[in-house]
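Taking it in order: structure first as structure tokens, then the write-up.
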Amino acid sequence: MITPSVSNLRHRPAAVPVVLCLASLFMAGCGRTQPASFRLNTVHATKTTAPEGDLERSWSSWSRERQQQVATILEAMFGTPDDPVALAESGLDAAKLQLAAGPVRSDIVGRKNGLYREHCSHCHGISGDGMGPTAAFLNPYPRDYRPGKFKFKSTWRDAKPTNADLVRVLHQGIAGTSMPSFALLAPSQVDALAEYVRYLSIRGETEAALFTYAEQELSGDDQLPTTREFLIDEVLAPIVEKWRAAEDAEIPIAAVPAGVDFSRPGDDPANRESVARGRALFHGDGGCVKCHGVTALGDGQANDYDDWNKAIVEASKEVAGGLEASRETSTSDMSPDRLAEYRTRAEWLHAFAEVLEGDALRPRMIPPRNLRQGVYRGGRRPLDLYRRLYTGINGAPMPGVGPSGPGGKGSVSDAEIWHIVNYIRSLPYEFDGELGADRPMVARDRF
Amino acid sequence: MGKRLAGIVWALVFLAVPVLGVATFAIAPAFDIWLPKDVSEHGASIDSLFYFILWLTGIVFVATEVLLFWFIWKYDASKREGAATYIHGSHTLEVVWTIIPAATLLFLAIYQMNAWADVKMRRPAMQPTVEVVARQFEWRLRYPGRDGTLGTGDDLFLVNDLHLPVDEDVLIQLKSMDVLHSFFLPNVRIKQDAVPGMKIPVWFKARETGEFDIVCAELCGWGHYKMKGRVTFEPRSEYDAWLERKYAEQQATQPPAESGDLARAE
């Protein structure tokens, strides 16, 4: 934006600079802005470019070149935030991506485009890295889509979410977090956003796969293969297949046993026996008390991280350990080769420390849920609670009590899970349990 | 001659202010930027107060602006020879133009008391129909369920999609989870700040069925613009059926039969 210098115009009437300033402000809105671009996952990129053996040149120029290679491949496969590419092999719908991508605008028939930037990017970031401008202020942090892990879904723990799962989260929001509901958007818009989340996720997973491949298979100045066989068949296809398989990976839902009546509140006499059984399982085979605490206030073991934060914590530890060790190493009697290697490694450690400082959010622990607040992130239907209990929460320390895969056996039988669900439903309204009337820890005032 | 022309131009610029000001109001309804349709019982009294004050201030505005134009036109410096005359002013005139606005304001303060009391003080004696909790950036809703009491096990939880019975008093308990928001129903002429830590009652009676906007009228953060909800007024029977349906959905133990684990058919 060009603002005229007021001092040059001082001899003119005062109105002139004011008018020029206003005019330049108006015109600033018309200029073309810098095209948006995806950011690399620098934490993963730096982690996987740890120096090995002897490099012909400085680590930083070598690593920069490798990152540039990956960025070039990714742009060819996925396009840019303004112009996404949906390869046929990715299974993504180009029309939906177009609706969600790019700057906010209306297209030729007056349809709203750029939905992701209108609704999502200020928290989830242009690249879907969960590091938009408002992300640092939120607790929990917005989801980073790039590892391709999602918490609230109907499928087996390690499986991807179904389309309906993503749509449901968009529709309901996530109570207890900063994710609001988008229930009033048109279904076509919600679908487009779900598709775009999948796109960012597949892109992020592809990026990680490329760096991991380079770390394991390439040495020195080797270039990543750019053949179709490698990029599509070897890298992209397995990722896409997992997303496709999600639609058939829904966990089975057991029939509700007798003595469980979800149409009545948990404290209703009709449910009393079932709630008592659920309580016994909660304290016994279910193992829930370990983290959620005997009072279910979430005051059990509470010093764990979710996978997204854990990755940062572990990388930070590795870097801190490496820096500590290098400080204690004496370089005076090293052979020249050893010294070069040592220096390269120190360069990498410092670069990694900088990346963790600048490109990652400060890790936050994930406390176990306080089950007496009556706030359920993945939804409050008995069905939602059943799914959370059955598979646990992918990416979080919450384990499942059901089987870990089809045909397996869980620590609690499928039918018994319903009793635990019933007990959990009763917790916010339990006035005569361990938290008596003298302990005002009830949902009435804690919504 | 140039100075005389400048005087005329400036006078006309000042005359343009009341002309354009009035024209803006005259064409506003044609461009649909005037008051939205009112479907509430008390809205007429709010609107009539609005129009009364608009006419009152409008007439004074036009009169003042025309007078200003006339002074600029008549007492143009280029038409005058000799020095300006110094006058101290008129004590009587100042007293008059102080007392008249003061009396007008006092009159308005008394005249609007009944409308204010209807909206903010004469709360119907009833349990809340629904609790609305504002949050960055959505409206979380809690219905008391069959027992009519909030905070019990049969509460119904929803978000952004408020339904209310038509032709009945409704009492909303308004809260905020995080920052200041403002619960604004333009079609019901209701605007009430939601304040963290306070339960604020809001009540009204809708006279027409239909879907209308809920918007946040207090800048509440980055996502303020998307903090939009929808209120649907419907006859009692439909309202009850909707509550039953939503309650049944909330108790679901199996994925809904239709494709997609989601009942969107609203």
Side-chain angles (χ1 to χ4, degrees), chain A residues 118-119 122-123 132-134 137-138 154 162-165 167-168 170-173 175 178-185 187 190 250 253-256 260-268 271 374-376 379-384 386-387 418 421 425-426 428-430 442-447, chain B residues 131-142 144-147 149-162 173 175-178 197 199 211 213-214 221-223 225-230 244 246-256 258-266:
Chain A
E118 179 176 10
H119 299 295
H122 70 76
C123 291
T134 51
F137 307 106
L138 308 182
S154 59
T162 64
N163 185 54
D165 291 335
V167 167
R168 185 174 169 80
L170 281 164
H171 206 263
Q172 304 285 318
S178 302
M179 171 77 185
S181 157
F182 294 95
L184 299 183
L185 293 186
V190 174
E250 282 192 37
I253 310 289
V256 178
V260 179
D261 184 358
F262 288 125
S263 69
R264 293 163 186 274
D267 54 352
D268 191 276
N271 282 320
V375 177
Y376 307 100
R380 64 168 53 244
R381 297 175 304 172
L383 174 65
D384 298 318
Y386 181 94
R387 284 171 174 162
W418 285 121
V421 170
R425 274 175 84 241
S426 77
Y429 308 101
E430 187 184 58
V442 292
R444 197 185 297 275
D445 294 310
R446 300 293 302 271
F447 174 56
Chain B
E131 180 183 76
V132 174
V133 184
R135 188 177 95 104
Q136 287 175 322
F137 302 98
E138 64 187 359
W139 305 96
R140 293 232 155 226
L141 315 171
R142 175 157 70 153
R146 289 182 198 132
D147 64 0
T149 312
L150 283 167
T152 53
D154 69 347
D155 287 357
L156 171 64
F157 294 81
L158 291 163
V159 57
N160 282 351
D161 189 17
L162 178 64
Q173 179 170 300
K175 288 159 73 172
S176 166
M177 260 192 206
D178 35 40
K199 286 180 188 172
E211 288 179 1
D213 287 337
I214 306 172
W222 267 63
Y225 63 93
K226 60 187 164 195
M227 189 161 170
K228 203 163 84 173
R230 180 177 62 196
E244 282 299 319
K246 285 291 165 191
Y247 189 69
E249 277 170 25
Q250 185 177 294
Q251 309 312 326
T253 57
Q254 291 292 331
E258 68 266 40
S259 70
D261 177 7
L262 188 67
R264 280 172 168 169
E266 278 302 320

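The basis for the numbers below is simple: all heavy atoms, side chains too, and nothing from hydrogens, waters or symmetry mates. A, B, ... follow the sequence lines: proteins, then strands. Residue 1 opens every chain.
- Both the backbone and the side chain of A:Ser181 have a heavy atom closer than 4.5 Å to some heavy atom of chain B.
- Remark: B:Lys246 does not engage B:Glu244 in a salt bridge, criterion side-chain N to carboxylate O under 4.0 Å.
- Residues passing the ring pair (Phe, Tyr, Trp, His ring centres under 6.0 Å) test with A:Phe182 are A:His119, sequence neighbours excluded.
- A salt bridge links B:Asp161 to B:Arg230: one of the charged nitrogens lies within less than 4.0 Å of a carboxylate oxygen.
- If you tally non-hydrogen atom pairs under 4.5 Å between each of A:Ile253, A:Thr162, A:Val260, A:Val256 and chain B, the highest count goes to A:Ile253.
- Ranked by non-hydrogen atom pairs under 4.5 Å with chain B, the options A:Ala255, A:Ser263, A:Cys123, A:Ala183 are led by A:Ser263.
- Both tests hold for A:Arg380 against B:Phe157: distance to the six-membered ring centre under 6.0 Å, angle to the ring axis within 45°.
- Looking at B:Gln250, both its backbone and its side chain come within 4.5 Å of chain A, counting heavy atoms on both sides.
- Salt bridge present: A:Asp384 and A:Arg168 bring a charged side-chain N and a carboxylate O closer than 4.0 Å.
- For chain B, the option among A:Ala175, A:Gly173, A:Ser426 with the highest count of heavy-atom pairs below 4.5 Å is A:Ala175.
- Contacts of A:Ala254 with chain B are made by backbone atoms alone, with heavy-atom separations under 4.5 Å and no side-chain atom involved.
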